[in-house]
**Student:** 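Quick one: the structure is below, questions incoming.
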2 protein chains.
Amino acid sequence: MKIGELASVTGCSIQTIRYYEKENLLPSTQRTEGNFRLYDKAAVDLLLFIKHCRSLDLSLKEIRQLLALKRSPGAQCDKVNRMMDAHIQQVEDRIAELTQLRRQLKALRRSCSSDRTVEQCGILQNLTT
Amino acid sequence: MKIGELASVTGCSIQTIRYYEKENLLPSTQRTEGNFRLYDKAAVDLLLFIKHCRSLDLSLKEIRQLLALKRSPGAQCDKVNRMMDAHIQQVEDRIAELTQLRRQLKALRRSCSSDRTVEQCGILQNLTT
DNA sequence: TTTAAATTCTATAGTCACTATAGAATCAAG
DNA sequence: CTTGATTCTATAGTGACTATAGAATTTAAA
């Protein structure tokens, strides 16, 4: 199949597919005489794997690592577990940060009401200190 | 004061200060004969305002808007309030997304334990579908 | 006064994961 | 054959920085 069909089948844009090839996530494929890329079922599966990982906010670097591990079926998968644990921790850390940020923003928001001038604005005043 | 001192006083890097000037967040300053930038107390205050906004994850675009509003002291500050509300909503949306992501990652993580091979890895298997 | 180190300058490129666009080439259908 | 669709490569842009190179200026010590 050609790239348009791969894009259609996987829900991944043509440009992103080319990008992933350039970034060495997807292998360079066979081409037609006219230089159009040709993809098979394995490519579909690989791209779906990548997309799944992206949907979990795994970085391209992390995905590369997972793909490398995947190519050693007999190896221990503790690296996978450790990567997942680290990623979960990142997400939890970010949630904590944002929760704190939300608290700060709410507090700031409470320092103003809707019938003031800019000069009297509690938000801007608090941002100035 | 020169840029190094401004950086020291505000905790903002020299490069970022120059970047903010380039992005029109900070006004172009006076220069010495040797072309070194010179900053006064107002610049310190402005940069601290910007840094405070950044610490609240406000984008440079949003900060520009706040600064523009700040320059009309007699105007109503309801735009400030609305911007803050929108920003709070963004943060809350992002928290919700990340919380959902965390749930997914935890579920995925439970599908594997530490004494398996890559071939048997529940995480990789689930990522493949 | 000279020298060397420190500070500052502008320009450019890179980070990350895409996304858009331009112009050229190929393909497919009428 | 023509025309529209598809695909190609190259390049630039997004946002908020961050790093580096080489040149110029300043500062402090000998």
Side-chain angles (χ1 to χ4, degrees), chain A residues 1-40 43 46-47 49-67 87 90-91 94 97-98 101, chain B residues 1-26 28-40 43 46-67 83 86-87 90-91 94 97-98 101:
Chain A
M1 79 180 73
K2 277 178 288 185
I3 198 168
E5 193 178 340
L6 180 65
S8 180
V9 159
T10 59
C12 189
S13 77
I14 289 174
Q15 291 157 353
T16 303
I17 294 169
R18 288 201 199 103
Y19 174 69
Y20 287 159
E21 182 184 303
K22 186 173 176 235
E23 293 291 317
N24 292 313
L25 281 174
L26 288 175
S28 300
T29 63
Q30 279 188 352
R31 302 278 181 125
T32 65
E33 262 194 46
N35 206 29
F36 286 20
R37 294 168 172 80
L38 287 176
Y39 297 97
D40 57 9
L46 182 52
L47 185 53
F49 180 92
I50 293 165
K51 266 184 61 70
H52 195 168
C53 292
R54 285 299 300 134
S55 74
L56 300 175
D57 255 9
L58 287 159
S59 67
L60 297 194
K61 180 178 171 182
E62 283 167 327
I63 297 168
R64 265 189 218 102
Q65 286 168 346
L66 285 178
L67 289 173
H87 187 54
Q90 280 173 40
V91 172
R94 185 64 181 144
E97 278 173 27
L98 287 173
L101 173 59
Chain B
M1 79 180 72
K2 278 177 289 184
I3 196 168
E5 193 177 339
L6 180 65
S8 179
V9 158
T10 60
C12 190
S13 77
I14 288 174
Q15 291 157 354
T16 304
I17 293 168
R18 288 203 199 101
Y19 174 68
Y20 287 160
E21 182 184 302
K22 189 172 171 232
E23 293 292 317
N24 292 311
L25 281 175
L26 287 176
S28 298
T29 62
Q30 279 188 353
R31 302 280 181 123
T32 64
E33 261 195 48
N35 205 31
F36 286 19
R37 294 168 172 80
L38 286 177
Y39 297 99
D40 57 9
L46 181 52
L47 187 52
L48 286 171
F49 180 92
I50 293 165
K51 268 188 55 75
H52 194 168
C53 291
R54 286 296 302 133
S55 75
L56 300 175
D57 256 8
L58 288 158
S59 67
L60 296 195
K61 182 180 172 182
E62 284 166 327
I63 297 168
R64 263 188 220 101
Q65 286 168 347
L66 286 177
L67 289 174
M83 194 183 311
H87 188 54
Q90 281 173 39
V91 171
R94 186 65 183 142
E97 279 173 27
L98 287 173
L101 174 58

**Student:** Give the rounded distance in Å between these two atoms: CD of A/Glu5 and P of D/dT7.
**Tutor:**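 Value for this atom pair: 9 Å.
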**Student:** Does the side chain of B/Thr32 get closer than 4.0 angstrom to OP1 or OP2 of C/dT8 through an N or O atom?
**Tutor:**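 No, because none of the side-chain N or O atoms of B/Thr32 sits under 4.0 Å from OP1 or OP2 of C/dT8.
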**Student:** Under 4.0 Å between a side-chain nitrogen and a carboxylate oxygen: does that hold for A/Lys2 and A/Glu5?
**Tutor:**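 Result for this pair is no, no salt bridge flagged.
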**Student:** Between B/His87 and B/Leu56 (side chain of the first, backbone of the second, donor and acceptor by atom type, cut-off under 3.5 Å), is there such a pair?
**Tutor:**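 Side chain of B/His87 to backbone of B/Leu56, a donor-acceptor pair under 3.5 Å: yes, one is there.
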**Student:** Quick one: pull up CG in B/Leu67 and CG in B/Asn24 and give me the separation to the nearest 0.5 Å.
**Tutor:**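 It is 11.5 Å, given to the nearest 0.5 Å.
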**Student:** Whole Å only: how far is the CD1 atom of B/Ile14 from the P atom of D/dT20?
**Tutor:**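 Those two atoms, CD1 and P, are 14 Å apart.
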**Student:** Looking at B/Tyr20, I'd like to know whether one of its side-chain N or O atoms comes within less than 4.0 Å of OP1 or OP2 on D/dA16.
**Tutor:**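 Negative; the distance criterion is not met.
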**Student:** Would you say the side-chain atoms of A/Arg64 pair up with the backbone N or O of A/Glu23, donor to acceptor, closer than 3.5 Å?
**Tutor:**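 Yes; judged by distance alone, with no hydrogens or angles, the pair exists.
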**Student:** Below 4.0 angstrom from OP1 or OP2 of D/dT9, is there any side-chain N or O of A/Arg31?
**Tutor:**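 So the side chain of A/Arg31 is within the cut-off, an N or O lying under 4.0 Å from OP1 or OP2 of D/dT9.
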**Student:** Nearest-Å distance, CZ (A/Phe36) to C1' (C/dT26)?
**Tutor:**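 So the two atoms are 4 Å apart, to the nearest Å.
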**Student:** Which of residues 53-64 of chain B sit near DNA chain D, with a heavy atom under 4.0 Å from it?
**Tutor:**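 Heavy-atom contacts with DNA chain D come from B/Arg54, B/Ser59, B/Leu60.
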**Student:** For B/Glu23 and D/dG13, what is the distance between atoms CD and C1' respectively, to the nearest whole Å?
**Tutor:**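 After rounding, the gap between these two atoms is 13 Å.
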**Student:** Which one, D/dC8, C/dC27, C/dT10, comes nearest to the side chain of A/Lys2?
**Tutor:**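 Within the option list, the nearest is C/dC27.
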**Student:** Hey, could you give me the OG/CG distance between B/Ser13 and B/Leu6, rounded to the nearest 0.5 Å?
**Tutor:**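 B/Ser13 OG to B/Leu6 CG: 10.5 Å, rounded to 0.5 Å.
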**Student:** In whole Å, I'd like the distance from the CD1 atom of A/Ile3 to the P atom of D/dT6.
**Tutor:**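 Going from CD1 in A/Ile3 over to P in D/dT6 covers 13 Å.
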**Student:** I want to check one thing: is the phosphate of C/dC9, taken as OP1 and OP2, less than 4.0 Å away from some side-chain N or O of B/Arg37?
**Tutor:**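 True: B/Arg37 side-chain N/O within range (under 4.0 Å) of C/dC9 OP1/OP2.
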**Student:** Of the non-hydrogen atoms in A/Ala7 and A/Ile14, which two are nearest, and what is the gap between them?
**Tutor:**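 The answer is CB-CG1, 3.8 Å.
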**Student:** Using the side-chain heavy atoms of B/Gln15, tell me which of these nucleotides is nearest: D/dA19, D/dC17, C/dC27.
**Tutor:**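 Selected nucleotide (nearest to the side chain): D/dA19.
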**Student:** Take atom CZ of A/Arg18 and atom P of C/dT19, then tell me their distance rounded to the nearest Å.
**Tutor:**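 The answer, rounded to whole Å, is 14 Å.
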**Student:** For A/Lys51 and C/dA17, what is the distance between atoms NZ and C1' respectively, to the nearest whole Å?
**Tutor:**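 One finds 13 Å between C1' of C/dA17 and NZ of A/Lys51, rounded.
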**Student:** How do A/Leu38 and B/Glu33 order along DNA chain D: which one's closest nucleotide is nearer the 5' end?
**Tutor:**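 By nearest-heavy-atom nucleotide position, the 5'-most residue is A/Leu38.
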**Student:** Is any side-chain N of the basic residue among B/Arg94 and B/Glu97 closer than 4.0 Å to the acidic one's carboxylate O?
**Tutor:**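 Counted as a salt bridge, because a side-chain N and a carboxylate O are separated by less than 4.0 Å.
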**Student:** Of B/Gly34 and A/Glu21, whose nearest nucleotide on DNA chain D comes first from the 5' end?
**Tutor:**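 Mapping each residue to its closest nucleotide by heavy atoms, the 5'-most match is A/Glu21.
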**Student:** Where the side chain of A/Tyr19 is defined as all heavy atoms beyond and including C-beta, which of C/dT19, D/dT18, C/dT26 is the nearest nucleotide?
**Tutor:**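 Nucleotide nearest to A/Tyr19's side chain: C/dT19.
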**Student:** For A/Lys22 and C/dT15, give me the distance from atom NZ to atom P, rounded to whole Å.
**Tutor:**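 Checked: the NZ to P distance equals 10 Å.
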